[in-house]
Amino acid sequence: MQSASTGIETSAKHRTSVSAGPDRPAELSPVYRGRFAPSPTGPLHAGSLLAAVGSFLDARVNGGEWLVRMEDLDPPREQPGAAADILRTLELYGLTWDGPVLYQSARTNAYEQIVGDLLSKGLAFRCRCSRSEISAANEAAGRSSGNYPGTCRRLVVPASEEHAVRLRVSDTPVAFTDHAQGPQASVLSDSAGDFVIRRRDGLAAYQLAVVVDDGFQGITDVVRGTDLLDSTPRQLYLQGLLDLPHPRYRHLPVIVTAAGDKLSKQTGATALPRDNPSAMLHKILGLLRHPPPRDLASASPEDLLRWAVTQWDPGRLSGMQHIADPEASELPSG
Ligand code: GLU
C-alpha cells in the first residue's frame, strides 16, 4: 500500500527543476518525460497495454523518462488490489518505469488548494444542479444533453449546500496540433460547457487532477488513446489558467471490438495473460503496426521492447483513431 508520503517523495524527486514556491510544477525541461496513468478500476487488458506500450516506446526512443501515475481518484469505481495488480503486470511485460509511482490519492490537498484558488478568483463556481436538472434545462432549450446549461454560472451557491465546482469556460477556440491526429480545435462553451473540477461527492474530477499532476510531474509528452482526444482542449484550457506548460499530445488509436466499441471492461475485455506475456506483446506490437520479425518469436518481453525501441515510428499510426481487433472480446449476448 502506498501512503501519502509516497506522493510527497515523488514530488520532491521531480521538484529538482521546480522554478518557484510550494507545489509549483516543474518547468518543461528540454528532456522528454512521458507517463502512463492507469485508473485502478480493474486489471490491465489489451487496450490499456497498447496505450502503455505506445507511451513507453515513445519515451524510450526519445531517450526520455517514463513515469507511472496511479489515477486512484475514484474509490467507488476502484477494485481492491487492482493498483498492485497493474504494477505487477507492467513489470511482467517488461514495462519498467522511472522513479516512484505517484498515487493521486495522496494528492488531494494539492487539488483542494487549486480548486479553492480558482473559486476565489471567480474562474470557477459552485453548482448545485443535479444531472436530471441539467438534462431538463437542456431539453427545454433544445440543446445537446452533455453540455452544461449555465444555470449556476451567475448564482452564488452557499458552500454549505451540496454542490459540485465547475470551471467557467470561454467561447474562444482552443486549438492544438496532436502529433498523431493532426490539427484540432474546439470551442469549450459549445462542446463541454463549464465542466466539473470537483464532484458533488467532494472528489477531484479527472480533468483537474490530470492537469495538476501532468504539471506537477513535469510531463512533456502525453501519449494515450484517442478516447481522451476530446478531453484535451479542456486540459489545455485549464493549463492556461493555472499557468502550466502545455505538454505535446499524441493520441494513439484505441482497439475496438468487432461491434466497433472501444475495448474496455464494459465491452468484455479480459485481464492480460500472465503465462505468456511475449505472445501478447507480439500481438500488441503488430496492432501498433510494428510486427516483430519471426526470429523474435521466442524473445522475452524485454528483448521485444528493446527491438521495438529501435523501430518505433509513430508516423505509421498517423490519423488512425481505431484499430479493429477481430479477437477483441465482446460482451456475451443476452
Ligand atoms: N486514467 C485514465 C484512464 O485510465 C487515463 C488518463 C490519461 O492518460 O490522461 O483512462
Side-chain angles (χ1 to χ4, degrees), residues 7 25 32-59 64-79 82-87 89-90 95 97 101-108 111 176 178-181 184 192 195-197 199 203-239 242 244-256 261-267 269 271-272 314 321-322:
Y32 182 117
R33 190 178 288 156
R35 51 51 159 200
F36 176 56
S39 303
T41 52
L44 289 184
H45 52 75
S48 33
L49 181 64
L50 187 130
V53 169
S55 70
F56 174 89
L57 294 177
D58 210 60
E65 292 176 61
W66 188 66
L67 311 187
V68 170
R69 180 169 72 231
M70 197 56 69
E71 300 209 323
D72 53 349
L73 263 184
D74 193 353
R77 287 187 57 232
E78 281 153 27
Q79 213 179 67
D85 182 80
I86 288 171
L87 297 179
T89 306
L90 289 174
L95 295 159
W97 58 90
V101 174
L102 181 67
Y103 286 78
Q104 289 194 319
S105 54
R107 299 267 303 141
T108 46
Y111 309 142
F176 71 104
D178 185 80
H179 285 250
Q181 306 298 330
Q184 311 286 320
F195 61 90
V196 172
I197 54 173
R199 299 167 10 171
L203 295 170
Y206 158 70
Q207 304 291 353
L208 178 93
V210 72
V211 165
V212 170
D213 287 340
D214 281 339
F216 182 56
Q217 295 187 284
I219 300 300
T220 62
D221 290 78
V222 173
V223 178
R224 59 186 179 189
T226 50
D227 53 319
L228 290 165
L229 186 59
D230 71 352
S231 285
T232 308
R234 274 172 278 178
Q235 295 174 13
L236 289 163
Y237 180 71
L238 193 43
Q239 285 154 9
L242 298 176
L244 292 170
H246 301 303
R248 287 176 288 263
Y249 287 91
R250 187 187 296 285
H251 286 86
L252 299 180
V254 292
I255 300 180
V256 293
D261 300 314
K262 182 198 155 206
L263 185 63
S264 68
K265 213 169 76 178
Q266 288 70 32
T267 56
L272 288 172
Q321 299 232 347
H322 305 115

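Atoms within each ligand, like the ligands themselves, are counted from 1 in listed order.
With respect to atom 5 (C) of ligand 1, the closest heavy atom belonging to the protein is Ala37 O, 3.3 Å. Taking atom 10 (O) of ligand 1 as the reference point, the nearest protein heavy-atom neighbour is Leu228 CD1, 4.3 Å.
Judged by distance alone, with hydrogens and angles left aside, the side-chain atoms of Lys262 form no donor-acceptor pair with the main-chain N or O of Asp227 at under 3.5 Å. In this structure a side-chain-to-backbone donor-acceptor pair under 3.5 Å is missing from Asp261 to Thr267.
Near Glu71, meaning under 4.0 Å from any of its heavy atoms, are these atoms of ligand 1: 1 (N), 2 (C), 5 (C), 6 (C). Near Arg224, meaning under 4.0 Å from one of its heavy atoms, ligand 1 places the atoms 7 (C), 8 (O), 9 (O). Interface atoms of ligand 1 facing Tyr206, defined by a heavy-atom separation under 4.0 Å, are 6 (C), 7 (C), 9 (O). Taking every heavy atom of Val210 and a limit of under 4.0 angstrom, the matching atoms of ligand 1 come to 9 (O). Heavy-atom contacts of Ser39 reach the following atoms of ligand 1: 1 (N), 2 (C), 3 (C), 4 (O) (cutoff under 4.0 Å). Residue Arg35 has at least one heavy-atom neighbour below 4.0 Å for each of these atoms of ligand 1: 7 (C), 8 (O), 9 (O).
Ring geometry for Phe36 versus Trp66: interplanar angle under 30°, hence parallel rather than tilted (30 to 60°).
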Would you please test Asp74 and Arg199 for salt bridge (charged side-chain N to carboxylate O under 4.0 Å, His left out) and show each step?
-> CA-CA 10 Å; Asp74 193 353; Arg199 299 167 10 171; 3.1 Å; yes
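For the 3.5 Å distance criterion, the side chains of Gln217 and Arg69 qualify, holding a donor opposite an acceptor.
Atom CG of Leu90 and atom CG of Asp85 lie 9.5 Å apart (nearest 0.5 Å).
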